[in-house]
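Bear in mind that the values here come from a model prediction, so they are computed numbers and not experimental data. Sequence lines set the chain letters: A, B, ... in the order given, protein chains first and strands last, and positions in each chain run from 1.
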Number of protein chains: 2
Amino acid sequence: MLRLSKLTDYAVVVLVRLAQAGPALPGARVREVGMQTSPGIAAATGIPEPTVAKVLKILAGGGLVASQRGAHGGYRLLRPLTAIPVSDVIAAIDGPIALTACVEGAAGGCESESLCPVRGRWDPVNTAIQEALGAITLADMQAAAVPRAFRLPAATLQDARGDAQPAAE
Amino acid sequence: MLRLSKLTDYAVVVLVRLAQAGPALPGARVREVGMQTSPGIAAATGIPEPTVAKVLKILAGGGLVASQRGAHGGYRLLRPLTAIPVSDVIAAIDGPIALTACVEGAAGGCESESLCPVRGRWDPVNTAIQEALGAITLADMQAAAVPRAFRLPAATLQDARGDAQPAAE
DNA sequence: GGTAAGAGGACCCATTCGGTCCTGATTGAC
DNA sequence: GTCAATCAGGACCGAATGGGTCCTCTTACC
């Protein structure tokens, strides 16, 4: 699959939304500029509120957002979207990017290490993916976003699948 | 995580082993050249035999190896390692490479599509990863293989983790 | 034709992930 | 000083996927 978790997908949505809050909200008197609450983000994104809270909690632990407790508290971005590569989000949610057990830091994880002919050979692949993910920031993902009306549903699927050979499954 | 399944890891090992069989085995009288059995590969790689059989079965379905049933049957490579990109192996085992539900061809899979600000924005990320994986062949992974003694265990871990911030977990 | 070797397919169990809920701590408003 | 709002942390449960095992069918040799 090479699929990342839904939480990571949610995290990107939440972070982009957090940036869209804008530092100049009209009613930003009591609440700090650019700060939003979990329920507010949930309502804006359509993601279940508990899940949003969970994502924000993890992101706060990863140093991507800052939290403010108490009444009129909330979360705010610590860095602009241009300074947040996708790899950082993935690392914050899913932990360090590691394709196989051979590279995920598992000490002696591979029980057949003495026989395995490709021991540690995933490293270059892993590095290539990390570089690819590190080169794309959330701002890039946001900038590429086009209004929904511009994307036909069918065309969306076709475009999304693209060169991922469709006959394989 | 961005982790691919163990089966994919096994598949690479099996394929490399299948290539190492060599087309000029001494006792290759009854068995076709370059052909190996599941138990043989299992013994050579240390992977459990049923798992090897399962991997080979999937790879045969994916068109990467050919099977020969009956006595003195077995499996053989259909293409040289230089012609097998890593992405093909992953696609054969885990299906098409798709990072998120938004790109995996799920019709209307995203229930909050009207709100999601990054709808379909994983496509460039997905493409970047596919290109990275498509550029690396099994021959590269095999060629990069160095004897185990040349790699310090600690250095291996450091190299593997690399710039994936270690403090994240 | 019988026997053995080996692939093909179906099945089951364990692990992990996604999602939800509850309780406690902190801060601002009244 | 009290109350309300909101985040923080943890535990819990259900679903889904992956990993592994077993049985059956096919094929070639004797």
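In this entry the distance linking NZ of B/K6 with P of D/dT21 reads 12 Å, nearest Å. Rounded to a whole Å, the CG atom of A/D94 is 10 Å from the C1' atom of C/dC17. Atom pair B/L59:CG and C/dG8:C1' shows a separation of 14 Å (rounding to whole Å applied). D/dC12 atom P lies 14 Å from atom NZ of A/K54, rounded to whole Å. Atom CD1 in A/I90 sits about 15 Å away from atom P in C/dC17, given to the nearest Å. Between the CG atom of B/D9 and the P atom of D/dG18 there is a distance of 15 Å, rounded to whole Å. The CD-C1' distance, from B/E49 to D/dG20, rounds to 12 Å in whole Å. Atom CG in B/L56 sits about 15 Å away from atom P in D/dG20, given to the nearest Å.
One finds a side-chain N or O of A/Y10 lying less than 4.0 angstrom from the OP1 or OP2 phosphate oxygen of C/dG19. Listed pair A/S67 / D/dT6 fails the phosphate criterion, with no side-chain N or O lying under 4.0 Å from OP1 or OP2. Remark: A/T51 is not in phosphate contact with C/dG18, judged by side-chain N or O atoms under 4.0 Å from OP1 or OP2.
For the atom pair CD1 of A/I41 and CG of A/L18, the computed distance is 4.5 Å after rounding to the nearest 0.5 Å. Here the CG-CG distance, from A/L64 to A/L15, works out to 6.0 Å after rounding to the nearest 0.5 Å. Rounding to the nearest 0.5 Å places CD of A/Q36 at 9.0 Å from CG of A/L77. From B/Y10, atom OH reaches atom CD1 of B/I93 across 12.0 Å, with rounding to the nearest 0.5 Å.
Taking both residues in full, the closest heavy atoms of A/S87 and A/G134 are given as OG-CA, 3.5 Å, listed atom of the first, atom of the second, then distance. For the residue pair B/L56 and B/S38, the shortest heavy atom distance occurs at CD1-OG, 3.7 Å.
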List, with names and distances, any nitrogen or oxygen atoms from the protein found under 3.5 Å away from nitrogen or oxygen atoms belonging to nucleotides 12-15 of chain C.
none

Below 3.5 Å between N/O atoms, which protein atoms pair up with nucleotides 21-25 of chain C? Just atom names and distances, please.
| residue | atom | partner | partner atom | Å |
| --- | --- | --- | --- | --- |
| C/dG24 | N2 | A/R69 | NH2 | 2.9 |
| C/dA25 | N3 | A/R69 | NH2 | 3.2 |

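No donor-acceptor pair closer than 3.5 Å links the side chain of A/Q68 to the backbone N or O of A/M35.
Annotation: side chain of B/D140 is in contact with side chain of B/T137 (closest heavy-atom distance under 4.5 Å).
Closest approach to the A/L7 side chain among C/dG19, C/dG8, C/dG6 is made by C/dG19 (side chain taken as heavy atoms from C-beta onward). When distances are taken from the side chain of B/Q68 to each of D/dT27, C/dG28, C/dA7, the shortest belongs to D/dT27. Each of D/dC7, C/dG18, C/dA29 was ranked by its minimum atom distance to the side chain of A/H72; first place goes to C/dA29. Listed nucleotides D/dC7, C/dG18, C/dT20 differ in distance to A/S5; the shortest reach to its side chain belongs to C/dG18. For A/A71, the side-chain atoms get nearest to D/dA4 when compared with the rest of D/dG20, D/dA4, D/dG19. The side chain of B/P48 approaches D/dT21 more closely than any other nucleotide in the set D/dC7, C/dG19, D/dT21.
Put simply, the residue from B/L133, B/V12, B/I129, B/I90 that forms a side-chain contact (heavy atoms from CB on, under 4.5 Å) with A/V125 is B/L133.
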Decide yes or no on side-chain contact (heavy atoms from CB on, under 4.5 Å) for A/M141 and A/L138, but give the supporting numbers first. CA-CA 5 Å; A/M141 298 181 71; A/L138 293 186; 4.1 Å; yes
